[in-house]
Amino acid sequence: MASGSGSLMWFRKGLRIHDNPALEYASRGSAFVYPLFVIDPHYMEPDPNASSLGSTRSGINRIRFLLESLVDLDLNLKKLGSRLLVLKGEPGEVLIRCLKEWDVKKLCFEYDTDPYYQALSNKVKDYASSAGIEVFSPVSHTLFNPADIIEKNGGKPPLSYQSFLKLAGEPSWASSPLSIDLSSIPPVGDVGSFEISQVPTLKELGYMERDQDELTPFRGGESEALRRLKESLSDKEWVANFEKPKGDPSAFTKPATTILSPYLKFGCLSSRYFYQCLRDVYKNVKKHTSPPVSLVGQIRPLQLLWREFFYTVAFGTPNFDKMKGNKICKQIPWNDDDELLAAWREARTGYPWIDAIMVQLRKWGWMHHLARHCVACFLTRGDMFIHWEKGRDVFERLLIDSDWAINNGNWLWLSCSSFFYQYNRIYSPISFGRKYDPNGNYIRHFLPVLKDMPKEYIYEPWTAPLSVQTKAKCIIGKDYPKPVVSHDSAIKECRRKMGEAYALNKKLNGLVSEEDLKSLRRKLVTSQLKTLATAPCRSAARTAPLRFQSHISPSPAASLLVRHFSAESVADTAVKKKVEDVMPIATGHEREELEAELQGKKILEDVNFPVGPFGTKEAPAVVKSYYDKRIVGCPGGEGEDEHDVVWFWLEKGKPHECPVCSQYFVLEVVGPGGPPDGHGDDDHH
DNA sequence: CACCCTGTTGCAATT
DNA sequence: GAATTGCAACAGGGT
């Protein structure tokens, strides 16, 4: 095998001809070159169970972008006398089969730091070296080799951007111009028995024609990337923005013709070539303007270096994409609320600014950097207190430019889990957008249901008088949702929780165990209930603590207390408004439980008090109910494990874990089923 | 006196 | 407007 005269060029990212050292090396001194891309069905083929249109791993926009990039790559290869070979299957297996069967002496592919590609590369490299095949895997996706920077820093990645910049200095390749043009590529060799296909269309992959009507404005491919780069380099303001980071408000609505991040992600555009072009522009422009000549050399496209920063930290940090086992990540007792998460993901939080951004994510697969900040903050430490990993997953799926290191890095950043720690600074879902776009054009564009809402109300439409809502043909609660959380109270609660979590992390020197988190969670829920109970401004609230006590103390033997609303307990809106004020964090089911308490609703006491062993995941506590869902209160286990009662809704077929003691519950319907009477948002009389 | 390690302090942090 | 971190600079002590 090793005696062969051909090279295999394995494309993964780096879907380009220009500045492609692996391709260049493959071409040099070879009689044949096999340019190969392997389509992984998990990444490309439709998954009907996925949370959005697309495959198991990717939304449809990025799949489309990748296909377009491959078509363009094939075209550009053809211009140089070659073509792209497309095979389907598990990439590692396919590669090894190719190396076995084809006449290959060199295997070339761009080095990649993502864990997925590291594992894949190692597998293939192991085989290649055992078969005596030379492997060439240059660093060309990033400006620097992350391993070099980490070594320079004594084996640890720098944890601040500034220290990274100092460490990084100038990239080693920057002293001589990059090789951009490849004049020709040796022909493709004999492919033997392999069934080589063309780049498939979405339809051929199994997507329906109608699946394709939600178009992103980004067309994939190297040609488009270079065209955009050329066009953008003549835009002074655009260029300046890569030197000095600053918010660009107009970018929220401006047509996305200058966006390059998706092209960097797939390597349609070389970050190194991009860097070189920007430096050339600076040289020419700055010569005539202010800074002294000695400073010209120091002007760098700082924006591009953020990418390098995250690549470096990500590469040097085990479990970078998780909270647990991640040394640089604060351990925080995030909530697990699937309904709030769904509201966020599906753009129905009731905050138009947030929802518009989430619609743009779904439709375009791209949003402005600051827009990402807003929704990430909202999901995590700002309002919903949901785990950043959940938000990360949504971005990873839907963003075209989604990049493992950068995406995880930014979620760590925005959730105040790492890099950035000022958790008191919370983006307002109302005033932040208004500051840049007072008329709400961005919202009107992505949420047409609000397009006729006057600008005074468009950022908080639930405050609009009914007459205004009617005139705008948008009734809040019907045509567009009410806010799922009250921002004012949510931020207070989030700040409190972050403060407690930070204190715990500090006390335990970052070594926070799962048990520690659990007991913090217990403490937080308990004090939340106490805050609520002692809230002075409502008559119902004043009676609440008594109710709590009276239900816990009479039967210490009972491990469960079950409550159910009577039919006549109907919400009264005046009370509801008050609840908004009192509720520390009014969210989803949690909110309903608390609301129920506050309103001092009439409760049927007769229903069963299931007594039994502590409910575990394997053997959950069974709660009987006349209907498909009911309120259940968990007082914890016996003795020491006892805690203040925590209320939650238990639904048929949906096991629930008590947030405090982790006890599991399931519902058994013993009555007629269906929704319980006298409850629900659409009640009226 | 040079060198290394540890602890303290002050500063700055992409919007 | 408050508040946390990483890190550079400095100080001290031991060898």
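What you see is a predicted model; the values in this text were computed from it and never measured. So that the names make sense, note that chain A is the first sequence line, chain B the second, and so on, each numbered from 1.
Each of C:dC7, C:dG1, C:dA8 was ranked by its minimum atom distance to the side chain of A:K166; first place goes to C:dA8. With distances taken from any side-chain atom of A:Q422 to the nucleotides C:dA2, C:dT5, C:dA8, the minimum falls on C:dA2. Nearest nucleotide to the A:K506 side chain, out of C:dG1, C:dT5, C:dC7: C:dT5. Of the candidate nucleotides C:dC7, C:dG1, C:dT5, C:dT5 has the atom nearest to the side chain of A:K330. Taking every side-chain heavy atom of A:N424 into account, C:dA3 is the closest of C:dT4, B:dA13, C:dA3. Checking C:dG1, C:dG6, C:dT4 against the side-chain heavy atoms of A:S160 singles out C:dG6 as nearest.
Rounding to whole angstrom units, CD1 of residue A:I426 and C1' of C:dT4 are separated by 15 Å. Rounding to whole angstrom units, CZ of residue A:F309 and P of C:dG6 are separated by 11 Å. Between A:W413 atom CH2 and C:dT5 atom P the separation is 15 Å, expressed in whole Å. Spacing between atom OH of A:Y423 and atom P of C:dA3 amounts to 8 Å, rounded to whole angstrom units. Distance, A:I328 CD1 to C:dC7 P: 11 Å, rounded to whole Å. Rounding to whole angstrom units, CG of residue A:L167 and P of C:dA8 are separated by 9 Å. Atom CH2 in A:W306 sits about 11 Å away from atom P in B:dA13, given to the nearest Å. In this structure, CZ of A:F420 is placed 9 Å from C1' of B:dA13, rounded to the nearest angstrom.
Residue-level contact check: A:Y161 touches the backbone only, with heavy atoms under 4.0 Å from sugar-phosphate atoms and none from bases.
In a base pair of the Watson-Crick type (N1 to N3 plus N6-O4 or O6-N4) or a G-U wobble (N1-O2 and O6-N3), with each distance short of 3.5 Å, C:dA3 is matched with no nucleotide.
For the residue pair A:Y117/A:R12, the side-chain donor-acceptor check at 3.5 Å is not satisfied. With no hydrogens or angles considered, no side-chain donor-acceptor pair links A:R272 and A:H18 at under 3.5 Å. When only modelled atom types and interatomic distance are considered, A:D112 and A:H141 share no side-chain donor-acceptor pair under 3.5 Å.
Counting all heavy atoms, side chain and backbone alike, A:F395 lies closest to A:M367 at CZ-CE, 3.6 Å.
For A:F164 and A:F310, the gap between ring centers reaches or exceeds 6.0 Å.
A sub-4.0 Å separation between OP1 or OP2 of C:dC7 and a side-chain N or O of A:S163 is present. Residue A:Y421 has no polar side-chain atom (N or O) positioned under 4.0 Å from OP1 or OP2 of B:dA13.
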